[in-house]
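Below is one structure, written out as structure tokens; the observations come after it.
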Amino acid sequence: MFEARLVQGSLMKKFMEAIKDLVKEANWDCTGTGISLQAMDTSHVSLVSLLLRSDGFDPYRCDRNISLGINMESMAKIMKCASNDDVITIRSEDHPDNVTFVFESPNQEKVCDYEMKLMDIDSEHLGIPDTEYDAIISMPASEFQRICRDLSNIGDSVKITCNKDGVQFSAQGDTGIGKIALKQNAVIDKEDGQVSIELNDPVSLTFALRYLTFFTKATPLASTVTLSVSAKNPVAVEYRVDDIGYIRYYLAPKIEE
Amino acid sequence: TPIQNDLQEFYAIV
């Protein structure tokens, strides 16, 4: 059988919110390592990849590797039934037709049990090679969310330019141009609230704001976001989640014809 | 205007 109990159940609610608008259905792959998911959006422009390590659960039991084929909208609806301070347990048999979500209140006075039918999903797994990125930008996740929101008022795309001066996000539309420049903070240690840039080569790439905005739904999961940018390659946007794992998004760039 | 690439232009299905 498979059983994973997450004491901080609100994390599962947040992971759900971070993927449900991008992906309609996906396999949650459960192994001894933990729970992972990789799925593209329906237009094959972006990809989400997440890992919830087994040691982030208490307890975690996985007798046999299984894939839980899940409709995200249905699971998101069920997750909304959990309170923020509930403990969430995910449970299924070795050859599952359905999955059970159990929500326990902290004082154990209320226990909710939701059973959901599984789907047979023939998913395509993409191999993402290790890449040497031209620039790796770390910044407060809330700052990145704000930039995406503000520039969405100006245009459909954002041009991310990174050089020795810092990083610039710019958008252009019918009404004009918007530019937001961030300088690297002078700090020795990388801390929350800081902008840090690891620059190998100056780089400039354009991305659809619509998708970056979907990615920022992960903001409640982490204080910092990392953007890994490389010439003419997809950008990797990563939110590391304390004590359990990460959610990463990849987005193909827009390229001049 | 720049055109949007497909992710599968970059990553192969494994």
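Every chain is numbered from 1 and lettered A, B, ... according to where its sequence line falls, protein lines coming before strand lines. From a predicted model like this one, the values you see are computed outputs, not experimental measurements.
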Residue selection (most heavy-atom pairs with chain B, distance under 4.5 Å) from H125(A), Q172(A), K232(A):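 Among the listed options, the one with the most contacts to chain B is H125(A).
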Between S170(A) and K159(A): side-chain donor-acceptor atoms closer than 3.5 Å: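 On atom types as modelled, these side chains do not qualify, holding no pair under 3.5 Å.
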Closest approach of I19(A) to W28(A) (non-hydrogen atoms, all atoms of both residues):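 The answer is CD1-CZ2, 3.8 Å.
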Which atoms of Y11(B) approach chain A - backbone, side chain, both or neither, heavy atom under 4.5 Å: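 Both the backbone and the side chain of Y11(B) come within 4.5 Å of chain A.
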Chain B contact via D41(A) - side chain, backbone, both or neither, heavy atoms under 4.5 Å: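 Looking at D41(A), nothing touches chain B.
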Which portion of S157(A) sits near chain B, non-hydrogen atoms under 4.5 angstrom: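 Interface part for S157(A): neither.
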Polar side-chain atom of N200(A) near backbone of Y133(A) as donor-acceptor pair, under 3.5 Å: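 Side chain of N200(A) to backbone of Y133(A), a donor-acceptor pair under 3.5 Å: yes, one is there.
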Flag if over 12 foreign heavy atoms under 6.0 Å of CG, D29(A):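 Above 12, so yes.
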Pair F207(A) + F215(A): ring centers closer than 6.0 Å: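 No, ring centres 6.0 Å or more apart.
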Heavy-atom pair count under 4.5 Å with chain A, highest-scoring of L7(B), I13(B), D6(B), N5(B):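 Ranked by contacts with chain A, first place is L7(B).
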